[in-house]
Every structure is written in C-alpha cells, then in structure tokens.
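In what follows, a single structure is set out as structure tokens and then discussed.
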Amino acid sequence: MTDFLGIYFPEFFYVLCGVVCFDTAFRARKNEEAKVGTILFWTLTGIIFMLGKILPPAAVGGMLVIMGGLTVTKQVKMGKFTESTAEFRKTSSEKIGTKIFLPAISVGVIALVLSFVKYNVVKDGVATPTALNGAIMTGVACVIALILAFVICKPKISETREDTSRLLMQVGAACLLPQLLGALGSVFSEAGVGDVISGMISSVVPQGNILIGVIIYVLGMVVFTMIMGNAFAAFTVITAGIGVPFVISQGGNPAIIGALGMTAGYCGTLMTPMAANFNIVPCAVLETKDPKWSVIKAQLPMALMMIVVHVILMMILGF
C-alpha cells in the first residue's frame, strides 16, 4: 500500500499528462506552420511526463535542450482551430449558467480535503503518518472535475480533445516553467547559494538590527521569487541564507517568520513574467492585447502594498 500511494499512483497522473501531450502532438499534424517542430515539442514533452522517472537524467536534459531550441527558433506554434459562433456560446451560457464554475471550484476543494488524508509509512518498525503525494491530490481532483464537466456540459469527446489541444498549444512552452523553476530551486539549494547570499548580506547588514534584517529577508524573498518565478523554490535558499541568521536567530518566532516569508515571496510572484502559470497563461487564455504584462500591471500596486504589510506584520507578530 505504501509503495502504491508513494510511488506508483502518482506516476499514473504523470502518464495521463503524457497522453494529453501526445494527443496535442497528433493534433499538430494539421498545423500550417511549424508542423514538424510543434509535433516534436509536444512529443518530447509527453515522453518526459510519461517516462521521466526511468529515463537517464542526461537524456531528459538533452530533450529539454532540444525543446528550448525549438521554442527559441519559433518552431512551436498554435495551429488553426474552428471557433464556435457567438450565438452558440450565448445559448450554451444560458443553458448551463453558473454550474460551469463547479468543476473549477471542485479542483481546489477536493485537493484541500485530500490534503488532510494521511497513511502510515513503516520504517524500522515505526509507523509515521504521511500526507498524500501532491500529484495524487491534484490528479484525483482534476479527474473528478473532468467527470463533473462532462456531466454538466455533455460535450462530444472530439470537442473535448480539440479544446484541450487548443488550450495547451495556446499556453505553449510556458506550461513547463513551473516544473523547471522548481527544479532550479533544488539545484540552487544543493549548490549552497544560500550560504553565498548569507556571506554577502553579513558584510552589509549590521548585526543585531532586527528591522533591517526583516526588510532584507522580505525583499530577498520578493526578488528571488521574481527571478525564479516560484516562492517555494526561493524559500529554502533565502530562508537559509537570510531568514535564519538575520531574523530567526535574533529571537524571531520560526513558525511566524517562515509563514510570512513564504507569503512575502508571493508578492514577487505577482510581479514577474517568470511565474508563467499565474501571469502569462491567463493572458494567453484570455487573449489580452498585451500577452506578457496585462496581469502584472493590474497586480503591481497591490503587490507593492503587501510588501510593506509583510514587513510590519513580521515585526509585530514575529517578535
């Protein structure tokens, strides 16, 4: 049971992601431009999702380099899709109504409920309660949401496949940024970037000055998150390099400082195109006039305000 929940079941959902990518590659046969490059890109993406765990790391790295080359040379393009008429969309909207939001809401609700589910992992005769793998929580939630969508909308399978490929092609290579940036965080951590940052900051920040330590920690989380596009990736590096030596060691509550440090990173998420799943994908899906900066421009004032709020909260609640 432990192996099933910890190893095999999560891989099932990665395989499903691979199948979707393969179907998108198959749909790319109809592309009028960059047909070969688009087919190759989505085929390689599917292979990585489906077989990434058993392939040699060098092979996966080589495929990513090829995919990057295809993207840079603009050999990955969205094909032409038949758009539904405005009359059809209006009729469908009136028929389905607000029920259309149920599948999207169910993803978050079901994933949240599953986050409380734990199973015992036995090691050396000691049973340790362990949370479900994130892929299981998200994957189960998405499958249930898909079933709900079929029940509510009653679409044809061919229509679902077509729209799935259209959305994936619309997002393009940006769909891989979260995985790549998450991996980059692990690389930085292993490389000791946190220690380097700590050494640089110690020569600038006066010892014992809690306010400056808090400001540097919050700004460090914001800036590093903007660079990496992922607060989780930045958290380990910046907390180890700045948070612990310059804030927590000065008497800060580790739980409160850590929690506020993480959410401070999300202020950076609101301001960077590197957070593609938050800031670039919505622009692509909504087809905004400015595909790179529309969402960021709208979020920028609130993000800047929240940076100040985080400094204040960390000083008041953390000490």
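From a predicted model like this one, the values you see are computed outputs, not experimental measurements. These values consider heavy atoms only, across backbone and side chains, with no hydrogens, waters or symmetry-generated copies.
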About how many Å separate CG of L16 and CD of E11, when rounded to the nearest 0.5 Å? 11.5 Å
What pairs with I216 under side-chain contact (heavy atoms from CB on, under 4.5 Å), at least two apart in sequence or on another chain? I201, V205, I212, I242
Going from CD1 on I39 to OG1 on T24, what distance comes out if it is rounded to the nearest 0.5 angstrom? 11.5 Å
Show which side-chain atoms of residues 258-266 pair as donor or acceptor with protein atoms under 3.5 Å away, not counting sequence neighbours.
unit_1 : atom_1 : unit_2 : atom_2 : d
T263   : OG1    : A259   : O      : 3.3
T263   : OG1    : L260   : O      : 3.1
T263   : OG1    : H310   : NE2    : 2.7

Starting at CZ of F49, measure out to CG of L44 and round the result to the nearest 0.5 Å. 12.5 Å
Got a sec, which residues hit ring pair (Phe, Tyr, Trp, His ring centres under 6.0 Å) with F13, two or more places apart in sequence or on another chain? F9
Can you tell me which residue pairs pass the side chain to side chain donor-acceptor pair (under 3.5 Å) test with a partner in residues 232-249, sequence neighbours excluded? Y217-T239
For Q75, give me all partners under side-chain hydrogen bond (donor to acceptor under 3.5 Å, both in side chains), at least two apart in sequence or on another chain. none
Could you see if V72 belongs to whatever hydrophobic cluster contains M63? Use Ile, Leu, Val, Met, Phe, Trp, Tyr and a side-chain cutoff under 4.5 Å. no
Could you measure the distance from the CD1 atom of I152 to the CD1 atom of I96? Nearest 0.5 Å is fine. 8.0 Å
Among the clusters formed by ILVMFWY side chains lying less than 4.5 Å apart, do F235 and F246 turn up in the same one? yes
Euclidean distance, I105 CD1 relative to I110 CD1, rounded to 0.5 Å: 11.5 Å
Counterpart residues, side-chain contact (heavy atoms from CB on, under 4.5 Å), relative to A135 (two or more places apart): P10, Y14, N133
side-chain hydrogen bond (donor to acceptor under 3.5 Å, both in side chains) partners of N31, counting only residues at least two apart: none
Could you list all the salt bridge (Lys or Arg N to Asp or Glu O under 4.0 Å) pairs where at least one residue sits in residues 214-243, not counting sequence neighbours? none
Just to verify, what does K77 make a side-chain hydrogen bond (donor to acceptor under 3.5 Å, both in side chains) with, not counting sequence neighbours? E33
Hey, what do you get for CD1 (I157) to CZ (F150), rounding to the nearest 0.5 Å? 4.0 Å
Not counting sequence neighbours, which residues clear salt bridge (Lys or Arg N to Asp or Glu O under 4.0 Å) with E159? List them please. none
Spell out, yes or no, whether I307 and M302 are grouped together once hydrophobic residues are joined by side-chain heavy atoms under 4.5 Å, including indirect joins. yes
Sequence neighbours excluded, every pair satisfying salt bridge (Lys or Arg N to Asp or Glu O under 4.0 Å) that has a member inside residues 91-100: none
More than 12 foreign heavy atoms under 6.0 Å from CZ of F26: is that the case here? no
Who pairs with K154 by salt bridge (Lys or Arg N to Asp or Glu O under 4.0 Å), at least two apart in sequence or on another chain? none
Kindly work out whether a path of hydrophobic side-chain contacts (I/L/V/M/F/W/Y, heavy atoms less than 4.5 Å apart) joins L132 to L112. no
